[in-house]
Colleague: 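Starting off with a structure, shown below.
Residue numbering restarts at 1 for every chain, and letters A, B, ... go by the order of the sequence lines. Note that the coordinates shown come from a computational prediction; the quantities given were computed from them, not determined experimentally.
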Amino acid sequence: MESLTNRAQSVDRSPMTFAEKIYIPALMKGLSITLSHIFKKKATINYPEETRPFSPVFRGLHVLNRDEEGREKCTACGLCALACPAEAITMEAAERLPGEEHLYREEKYAAKYEINMLRCIFCGYCEEACPKDAIYLSETVMPANYQRDYFVYKKQDMLLTDEQVKQKRLKLQQKG
Amino acid sequence: MSLHDIIFWILSLWAIVCAIFVVISRNPVNSVLFLIATFFAISGHYILMNAQFLAIVNIIVYAGAIMVLFLFVIMLMNLNTDTEPQKSRLVHFAALISAGSLLLVVLSAFRKAELTQIPVTDAGDIGLIKVLGKTLFDHYVLPFELSSVLFLAAMVGAMVIGRKEVVEEKSTK
Amino acid sequence: MPIQSYLFLSFSLFAIGVMGVLMRRNAIVIFMCIELMLNAVNLLLVAFSKVHGDPGAQVFVFFIMVVAAAEVAVGLAIIVMMFRKVNSVDINILNRLKN
Amino acid sequence: MSLILLLVIPLITGLASFAFRKAQAVKAWALFGSLLTLVVAALSLCGIKEQTHTISYTWLPTLGASFALQGSVTALLMTLLTAIVFPLTLLAQWNKDIEQPHRFYGLMLLAQAGLMGVFLAHDLLLFYFFWELALIPVYFLAGQWGDKDRIKSSFKFFVYTFLGSLLMLGGLIYLYLQTPNGNFDYDTILATGAALPMAVQNTLFVLFFIAFGIKMPIFPLHSWQAGAYEQTLTPVTIVLSALMVKMGLFGVIKWLYPVFPSGTEQFGNIIMILALIGIIYGSMLAIVQKDIKRLIAYSSLAHVGLMIMGIFADTHNASVGVVAQMFNHGITITGLWLVVDMIERRYGTRNMNELGGLAGAAPQMTIALVVITFSSIALPLTNGFVGEFLLFLGIFESTNPNHIIYMAIAGLGIILGAIYMLNMVQKVAYGNKKEMAIADMSMNERLSIYLILAVIIILGVYPNLLLQLL
Amino acid sequence: MKPLIATAVFAILMMFAALTVKEKKSFTHFAAILMLGLVGLNVWELADYNRLLASAQASPDLFGKMLRVDNYALWFNVLMSSCSFFYILLVGRSIEKVGVHVGEYYALHFFILCGVFLLSTYNNLLILFLGIEILSIPQYILSGSDKRNLKSSEASLKYFLMGAFSTGILLMGIVLLYGAMGTFDIHGFNFYATGTLNIMGVVGVLFMLVALGFKVSAAPMHFWTPDVYDGSPTPFTAFMATIVKVSVFFAFMRLFMEGFANLDPYWKVTVLGTITVLTLLIGNITAVYQQSVKRMLAYSSIAQAGFMMFVVIGSNAMAMKGMIIYAVAYTLATVGIFGVLLKLKDYTYDGFNGLAKKHPFLALIASICLMSLAGIPLTAGFFAKWFVIAAALEQPGTFWLVIFALVMAAVSLYYYFKVIMAMYFKTGEPELITPVTTMDKVVMAIIGSAVIVFGIAPDMLLAWI
Amino acid sequence: MSIDTFLILEKIILVVIIIAASMGVAAYSTWAERKVAAVMQDRIGPLRAGPFGLLQPLADGGKLFFKEEIVPDNSTKWLFMLAPAMFIFTSLMTSAIIPWGPDFVINGSEGARTVALQVADINIGILYVFGVVSIGVYGIMLGGWASNNKFSLLSAIRAASQAISYELALGLSLIALLMLTGTLSLRTIVEQQHGFWDGNYFTWNFFKQPLGFIIFLVCSFAELNRAPFDMPESESELNMGYHLEYSSMKLGMFLFAEYINMFISSAVLATLFFGGYNFPWMDQVQAAVPSGIFSLICVGVLMAKVVGFILFFMFVRWTLPRFRFDQLLNLGWTKLIPLALFNMLVTGAVILFFFNKK
């Protein structure tokens, strides 16, 4: 049968020649390879001190966005949950009560918004599905933890803090 | 009593006690270890008699090679459990008596011998490797060659005994 | 030390070896006791070589060691062969041969 | 040269016999060989006056042994006896079928060679050699052919005799080592033996005598005898009783009596007593036997006892008598065995109580039986008388203090002999008639038996023929 | 020392042959050729020595007095190698059946012969010791070489343990002798150097006696012998019981004759005599009760050792002659009887029943050999016994010993002739497992006639000494 | 018997220094091993503990000390305890006969005194090494056996058989060298390699015995149970080797002893084949500096060589894959031993035909 890919190679089982049996050339070759590696650039990055730059398309932890006034954008429409292939997102909607306008942009908001990060595959479909730009994937990696419960991220785990909003606003201004 | 004497008595006591333990240890591994300890004591005696070469060869050959083989075999056979059924008390007693009487008879015979008071000196250079080498290759060259024949025979023998007879088993089946 | 002390010492070791050979049933331990006997002989030979001022005796010790090594090679092979067959190194099994 | 021929002819013919395959051929060949021997033996005996028959060749220089033969009168007489007995036996047994005949006749002839050697050897080692050599073929003959208990009894015989000869070997080697320059020569042996201290002589005497005594056999050493005689085939029995017995006697005469004079002096009396016991004991046992062969076996013990007494009586008459009686006994007992064999083959039994009426059925055989029996109990005019008379005379003349008593007891033996022999004849030949038609002696048997009868009568009537030689 | 080197070289050649040769039969042929070569070399060595002797250039001492050769020893070597040659011709077919390592078995035989040559010419206790070891170690292996048979392994282990134990005792003896004498040279021993008897030397002698007694299976150090001889593969038993044993006796005799010459002869007779009596008694009496011929031969070899002890007791010129003749007579006869035994399927006495009728030739050879063992005149065994007894009788105080030995020889008739009786006087259907080839017949005929010829003219064996 | 107290004091100090140095070198070998492995794998290696991770060995040691002691229930207790002690003891013993530097002279109040930088100059020095090495096996075997664990036992037996097998080739390869030197004393051997260039030939034994050196080197790999011959520890089959059941500092001792062994065998290699403390132009240097300083320089040179060898050991370890056990024994018995014999023969022939002084 012809091989489908050209990766499979038959093992060479022909008896070794004397030069091969002597083993010394092969040994020298091996030593020279390792020797050359001594002088190669080290691949190690001293992590906490140094970090590797993320790629532009990197998809990290979810962030629930706020608008310029600091109001939650999410309207609990459920499209993200629908789009999620891993079914990681659950939410509960609630009606905005009077006096809460400074908190929620629309009349309806997500009273409870959870993403199970153990299920999430960071595909970014939720981001694409959201009509309100309420959710997007940041460039942070998920921190480790000892308990599974922790990985079910609540709304407050994902919402931008005031500080972050401020910074974001600053950034936008600088860009803009 | 000089230091030399003290060392002699210590080494002797060591050797004899360890030797006794070789015999009475239930576990063969312990026997091996005590035997090695005995060999060390004997090597100590060699050094005391200024026979350094033999002392070290004794260690290399007996402790380093022979006893390792013993240990090997014992370990592979897994004889560590005290499974060895003991001979009856009578046999123990008889062995003790016979060995003891051998010792007594011979030693009492030697009490009369004149030679027994000659001191063993630690001086002299006959234990040095140079002297031994000269003697070995000069006067004892024939035995030296013969020992190679002996080894050859032992090697062939160990091979004959050790190898499994694959061909034969097949043919008998 | 007078040679008598060495005679006493090596004969004690020799006798202990003999006792072991007579007393034990484990073939390997018997063999070890034989090695002990050989060592007693070696010790006495060295002592005598000092008495007589003769390096030949020490060379003799050398040969005894050689022979002991060869014997061990063969002997352990035999013991192992036996063990493979009867799963024991008890020499009392050998008495079955008589019948 | 004739001495060597005496040895070589049976040896060669014997070895050659093994090559034959046909029974008749091998019988003929064996008969031819034995007759040839007889001729040579007779000739050499005739020529004895002219020359001393001694030859000697180097054999084992390192040991000082030589191949020395001497044809003394006694020796030649014995060889003649051997040479006579063999053809007579073969002749008488011509019709008998034997398994593996080539082997049987070959061994017979080899036995003859050995016997010849024993009688002729003049060198102690050579003597010992032939002594054993005569034994081996006889052992095989006795073990392979015969009755069902033969293996046991022949082995008993063999072990007895071999033990004896081994003891002799010990004495022999000791004696050899005492000779001045390591020599087995007869004269040297004589000189050495006589010069030995008395204690040593006594020991050696005992060792040698046990060997000879077993062969004869003398009283306490006789227990192999009856069984061996009984179980073997008649030719073998003849060899055993007529010839091998003479080996022992001859050994005493040539190799014991002169070699250890001190020993003889010491033990002569004891041996005479033993012989006496043998005579009485043998006779007593013979009386109660039912089996003819056993009866003759025990009678032989008695006869031999008398001859032993003659040897140790140490008088001229006795020594002449011994030799004469050795010859005569050989002839007589051969005839006796042959006749018994004929009877047994015809009736199928040897039990006297079951036999009877032979006189009516086979008169010739009966005559032969009676004449031979007379010879055996030493009636005058038979050859047996001459020897026994001389023996008694010799014993009477002996310096032994008890010679009268000894003679009286030995005479008692004669009387007892007459009782059991005549009883046997009476029962077999006359007794209660047994209704069974049997053939009388055939041609070959007749030839053989008549020759024996002739010798018995001639030597009985004209004993000088024999005695002049001695 | 051509033969000595040749043994080692031949052994190595056999081992190389084991690597290349596949056909088992060719091993035997090769070994026979090499053995013949060894015989030739021995003869050459002897002739050479005599040539040098004639021109007064011969020096008996070789390798700094390690070895001492003389006509006697060289002649013994010739005889032993010749016996080995016949042995290989006779039992080679059976050796092939023992196991798969045929080449190695023959190599081990050559090693053993190396030991034999050493034991015949040693002049130094070291060489004696090495010789005995070179002789023994291959024997341990040969006796265990039949791996399918548990008895063989057991024999090997038993032999090995006993052998190693006796080595220890031998060494203690050597050391004490050395301590007393200050030399290993057996010609340098003097037990009365200080005027009185040297106790330590005597104790050494006793130790050596016990150890050598082990090796030659003299009672009471004999107990391993029957089991080992019985358990070992039969062809190797034949070799061990004959050539090896005889050679150790040769060494034994040399030790007492040359080394311990000035020991009190009374002492020698008392101690050695006791051993001899025991050996004869135990060997003969127990042999009587055996059911298997092989086992009987094992016991008989103990009994024969009792007779060979006489040469040690004698230790004189007569003993030297006796040694040679006994060696040849005993070896040939035993090899011959083993040659016959190997052909048979059943090793019990009943296995021999009726052999004379079915295979008269085998029966004849067996009878000759057995008679020689029993010491019946006209066979070599007679003169063998003759000489050793004469040798012993030359020592004072041995007369009753000899008489006892002779009585025991009569006992030995029982078990030897039991075989003969079975062959000739009984009927049966003996089964052969190996066919008797022409080669076998020729070799057996040679052995049989040699036994008889040496029985008539033993001088032939003594011509060279 | 008069005992020179000063001599004893001097020796005790030397012993303490050597043991301390051995320990130190062994400790930093672990660090070096990590570093070497790292750089060969394009990594950096330990870095955090101290500058360049130099305190890492101390941290490791501390960790081992405070780990829980576990003694298996079914083990043979006293042997289980004895084995690591024996192992480390034997590995430390060898250092006694290595000449660490030339003698130097101390000028005290009682006059000049020569101090030898060697614990014992015994005339059978190399044999002593063999003796100690040969009993080093016991630590492993007993450790493996006493654990009462099949994996430990198997790996112990592997280790022991490997050690015994390669000891032969090791010894044989040295015999050729000893033929040249004519002595077994390591001090004399070092002195024979004085300097580097004699005017006619190189003095270092490496140039006289290249083949012997290679065999010796390969054998020391096997003796040290280091890759590519680290059979006993082949993780894929035997987990961790003979010290599988060990924990805490007993494990630490095993690991430590292995590095000490490496250090000592590097020192032996340097001494036997690479001139010990000798270096080119040492005569000129000696003339230029005081005796004490010169000795220190020499010790430094030896240490440099030792470090070089240690680095080489590591270099090889991180290059070559592990042999299979049968390949290993095959190499030892059928390649190295014949090669060593051949080397011996050639050396003997050369000596006989070209340098026969008679």
Side-chain angles (χ1 to χ4, degrees), chain B residues 19 42 66 70 73 77 95 98-99 101-120 126 134-173, chain E residues 1 4-5 7-8 11-12 14-15 18 62-67 98-101 103-105 107-108 110-112 114-115 118 124 126-127 129-131 133-142 144-148 153 156 172 176 179-180 182 184 194 196 198-203 206-207:
Chain B
I42 289 173
I66 292 181
F70 272 101
V73 171
M77 289 178 179
S98 51
S101 51
L102 172 80
L103 185 67
L104 279 180
V105 166
V106 172
L107 290 178
S108 60
F110 290 159
R111 284 190 76 81
K112 289 182 188 167
E114 293 167 12
L115 191 74
T116 53
Q117 290 308 320
I118 299 175
V120 178
I126 60 167
K134 282 236 166 63
T135 319
L136 179 63
F137 292 110
D138 191 19
H139 191 216
Y140 287 84
V141 66
L142 175 73
F144 179 76
E145 300 294 340
L146 287 175
S147 60
S148 67
V149 175
L150 180 75
F151 265 120
L152 210 54
M155 260 162 62
V156 177
M159 199 276 293
V160 168
I161 290 286
R163 229 202 242 168
K164 280 183 182 166
E165 299 203 342
V166 185
V167 184
E168 202 67 17
E169 277 165 16
K170 262 182 196 166
S171 67
T172 49
K173 276 172 191 169
Chain E
M1 276 283 93
L4 197 60
I5 299 163
T7 47
I12 294 167
M14 278 316 301
M15 277 150 59
L62 294 178
F63 297 104
K65 288 194 167 181
M66 282 288 152
L67 298 183
V98 171
V100 290
H101 306 289
E104 280 84 355
Y105 301 154
L108 290 171
F110 281 110
F111 282 128
I112 292 180
C114 180
L118 284 175
N124 192 304
L126 178 53
I127 302 287
F129 166 60
L130 281 177
E133 285 303 310
I134 293 178
L135 195 84
S136 303
I137 286 181
Q139 283 189 82
Y140 304 148
I141 293 142
L142 287 182
S145 51
D146 184 2
K147 299 219 188 125
R148 288 156 296 179
S153 309
S156 177
M172 193 37 114
L176 291 177
F184 293 115
T194 53
T196 53
N198 191 328
I199 302 283
M200 200 193 285
V202 169
V203 175
L206 275 175
F207 270 89

Colleague: Identify, with sequence neighbours excluded, every residue that meets ring-ring contact (aromatic ring centres under 6.0 Å, His included) alongside F184(E).
Modeller: F60(C), Y178(E)

Colleague: Report the option among A158(B), S147(B), S148(B), A153(B) that has the most heavy-atom pairs separated by less than 4.5 Å from atoms of chain E.
Modeller: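 Among A158(B), S147(B), S148(B), A153(B), the one with the most close pairs to chain E is A153(B).
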
Colleague: Of the listed residues (I141(E), I12(E), V202(E)), which shares the most heavy-atom pairs with chain B below a 4.5 Å separation?
Modeller: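 Of I141(E), I12(E), V202(E), I141(E) has the most heavy-atom pairs under 4.5 Å with chain B.
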
Colleague: Contact part of F207(E) toward chain B, heavy-atom cut-off under 4.5 Å: side chain, backbone, both or neither?
Modeller: side chain

Colleague: Quick one: pull up CG in L142(B) and CG in L130(E) and give me the separation to the nearest 0.5 Å.
Modeller: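 If we round to the nearest 0.5 Å, L142(B):CG and L130(E):CG are 8.5 Å apart.
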
Colleague: Evaluate the side-chain proximity of V160(B) to Y105(E): yes if any heavy-atom separation is below 4.5 Å, no if none is.
Modeller: yes

Colleague: Under 4.5 Å from any heavy atom of chain B, what part of L62(E) do you find: side chain, backbone, both or neither?
Modeller: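 The answer is neither part of L62(E).
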
Colleague: For the atom pair CG (L152(B)) and CD1 (I137(E)), what is the distance rounded to the nearest 0.5 Å?
Modeller: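 The CG atom of L152(B) sits 11.5 Å away from the CD1 atom of I137(E).
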
Colleague: Rounded at 0.5 Å granularity, tell me how far NE2 in H101(E) sits from CD1 in I161(B).
Modeller: 9.0 Å

Colleague: So how far is it from M15(E) CE to M159(B) CE, rounded to the nearest 0.5 Å?
Modeller: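 Those atoms lie 7.5 Å apart.
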
Colleague: About how many Å separate CG of N124(E) and NE2 of H139(B), when rounded to the nearest 0.5 Å?
Modeller: 6.5 Å

Colleague: Residues in ring-ring contact (aromatic ring centres under 6.0 Å, His included) with F111(E), at least two apart?
Modeller: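 Result, ring-ring contact (aromatic ring centres under 6.0 Å, His included) vs F111(E): none returned.
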
